Protein chains: 2
Amino acid sequence: MTATDTAADRRALPHPAREEIRLEPVLHALSDPMRLRIVTDLAEAEGELSCSHFDLPVAKSTSTHHFRVLRESGVIRQVYRGTAKMNGLRRDDLDALFPGLLDALLDAAARQAVRLGD
Amino acid sequence: MTATDTAADRRALPHPAREEIRLEPVLHALSDPMRLRIVTDLAEAEGELSCSHFDLPVAKSTSTHHFRVLRESGVIRQVYRGTAKMNGLRRDDLDALFPGLLDALLDAAARQAVRLGD
DNA sequence: CGACTCGTACGATAACCATCGTAGTACGGT
DNA sequence: ACCGTACTACGATGGTTATCGTACGAGTCG
């Protein structure tokens, strides 16, 4: 370890590189209501949110699972900051790979929420 | 049955109405490589294609299963025409519900195919 | 009618997945 | 050193799914 290493670096989480992101896993990740909600919240926040910010109606261990699916598919980026784990949308990578897709998906999710009266 | 009934009418298949189509099942349907391929082929054809037109590397019964998932999620419309079953993208319905989504998805699939050298 | 093509239905199977509870680790503050 | 918070790892479980093979039904053409 070098002098620039931080505690957070040593706990780094595996992410797919931009060019490793594939469409099918991304769609699969977003096809779960819980995960789609995480992503829409994240898009609305326009920044990083801690896992505990989300009040999901599932057990904590299930929540961990959903965040991992999103990370491993390349939809979000996760970093440790102290005890918190921060989550951010990989907007730049997704927009570069699939232009317009993320916006269309977020718009679709928002329209559906309106349609269903939420 | 009335005088306007045809043989095809009597073998009608259940489809979700436009307003019953939900985003999550659509994304789930498209998250399978086999089904995504069916949809991109269908979009390229700009019309209806019979099931047998697709030369999928799976058993016939598996193929039937994938077409049903696409139909029940609202992505495609299926009608019988004689012995053949024709498949068409529900472009109008999807565009009305989720503007830009289908195009973004098809573009994403095409870009990924190029990226992977297919 | 008989043969053929196209697609379905059904049962089986193996893999996957969402969920949980429990036990544990890492960090920050007292 | 100790406690509390935040999150994870693991094992279990029940539900869903992708796949197959075989047997069948519906339509077309000879």
Side-chain angles (χ1 to χ4, degrees), chain A residues 1 5-15 22 24-39 42 48-73 75-88, chain B residues 1 5-15 22 24-39 42 48-73 75-88:
Chain A
M1 104 182 176
D5 270 3
T6 67
D9 287 340
R10 266 168 264 130
R11 285 172 74 198
L13 294 156
H15 289 77
R22 307 246 302 127
E24 294 91 334
V26 168
L27 296 181
H28 173 247
L30 298 176
S31 72
D32 181 281
M34 212 72 67
R35 294 193 289 257
L36 186 57
R37 173 171 154 187
I38 290 173
V39 169
L42 229 35
E48 293 186 332
L49 294 177
S50 70
C51 288
S52 56
H53 169 272
F54 299 88
D55 193 24
L56 302 175
V58 290
K60 274 195 305 180
S61 49
T62 305
S63 195
T64 296
H65 160 71
H66 286 309
F67 279 106
R68 178 168 37 193
V69 172
L70 286 170
R71 169 170 49 84
E72 292 181 345
S73 67
V75 177
I76 67 172
R77 193 179 295 280
Q78 295 190 294
V79 295
Y80 283 104
R81 285 226 219 294
T83 72
K85 193 185 203 172
M86 305 303 291
N87 302 276
Chain B
M1 99 182 177
D5 272 1
T6 67
D9 288 339
R10 267 168 264 132
R11 285 174 74 198
L13 294 157
H15 290 76
R22 307 245 305 129
E24 293 91 335
V26 168
L27 296 182
H28 174 246
L30 297 176
S31 70
D32 182 280
M34 213 72 68
R35 295 193 290 257
L36 187 57
R37 173 170 156 186
I38 291 173
V39 169
L42 229 35
E48 293 185 333
L49 293 176
S50 70
C51 288
S52 55
H53 169 272
F54 300 88
D55 192 25
L56 302 176
V58 290
K60 272 194 308 179
S61 48
T62 304
S63 195
T64 297
H65 160 69
H66 286 308
F67 279 106
R68 177 167 36 193
V69 172
L70 286 170
R71 169 170 49 82
E72 292 181 345
S73 66
V75 177
I76 67 172
R77 194 178 297 280
Q78 294 191 294
V79 294
Y80 284 104
R81 286 226 219 294
T83 74
K85 192 185 201 174
M86 305 303 290
N87 303 276

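This is a predicted model, so every value here is computed, not measured. Per chain, numbering begins at 1; letters A, B, ... match sequence-line order.
In this structure, the CZ atom of Arg71(B) is 13 Å from the P atom of dG7(C), given to the nearest Å. Straight-line distance from the CZ atom of Arg35(A) to the C1' atom of dT19(C): 12 Å, rounded to whole Å. Rounded to a whole Å, the CD atom of Glu24(B) is 17 Å from the C1' atom of dC17(C). Between Phe67(A) atom CZ and dA9(D) atom C1' there is a gap of 17 Å when expressed in whole angstrom units. Whole-Å rounding puts the Arg68(A) CZ to dC17(C) C1' distance at 12 Å. Between the P atom of dA6(D) and the CD atom of Gln78(A) lies a distance of 16 Å, rounded to the nearest Å. Between the CG atom of Leu13(A) and the P atom of dA6(D) there is a distance of 18 Å, given to the nearest Å. Across the protein-nucleic acid pair, His65(A) atom NE2 and dG11(D) atom P stand 17 Å apart, rounded to whole Å.
Residues Ser63(B) and Phe54(B) fail the side-chain proximity criterion, which asks for heavy atoms closer than 4.5 Å.
Residues from residues 55-64 of chain A lying near DNA chain C, meaning a heavy-atom separation below 4.0 Å, are Val58(A), Ala59(A), Ser61(A), Thr62(A) in numerical order.
In terms of position on DNA chain C, the residue among Asp32(A) and Thr83(A) whose nearest nucleotide sits closer to the 5' end is Asp32(A).
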*Run the side chain to side chain contact (heavy atoms under 4.5 Å, CB included) check on Cys51(A) and Asn87(A) step by step: do they pass?*
CA-CA 7 Å; Cys51(A) 288; Asn87(A) 302 276; 3.4 Å; yes

*asked:* Evaluate Leu56(A) against His66(A) for side chain to side chain contact (heavy atoms under 4.5 Å, CB included), listing each step before the verdict.
replied: CA-CA 10 Å; Leu56(A) 302 175; His66(A) 286 309; 5.5 Å; no

*Checking side chain to side chain contact (heavy atoms under 4.5 Å, CB included) for the pair Val39(A)/Val75(A): CA distance, chi angles, key distance, verdict?*
CA-CA 8 Å; Val39(A) 169; Val75(A) 177; 3.8 Å; yes

*Could you please spell out the steps behind the side chain to side chain contact (heavy atoms under 4.5 Å, CB included) verdict for His65(A) and Lys60(A)?*
CA-CA 9 Å; His65(A) 160 71; Lys60(A) 274 195 305 180; over 6 Å; no

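For Met34(A), the side-chain atoms get nearest to dT19(C) when compared with the rest of dA18(D), dT19(C), dG7(C). Nearest nucleotide to the Tyr80(A) side chain, out of dG7(C), dC7(D), dT17(D): dC7(D).
Across all strands, His53(A) comes closer than 4.0 Å to no nucleic acid atom at all (heavy-atom distances).
At a threshold of 4.0 Å, the pair Arg81(A)-Glu48(A) counts as salt-bridged, since one of the basic side-chain nitrogens sits closer than that to a carboxylate oxygen.
Of the side-chain N and O atoms in Arg81(B), none sit less than 4.0 angstrom from OP1 or OP2 of dC6(C). The phosphate of dT19(D) (OP1 or OP2) has a side-chain N or O of His66(B) nearer than 4.0 angstrom.
A pairwise comparison of heavy atoms in Ile76(B) and His15(B) identifies O-CD2, 3.8 Å as the closest pair.
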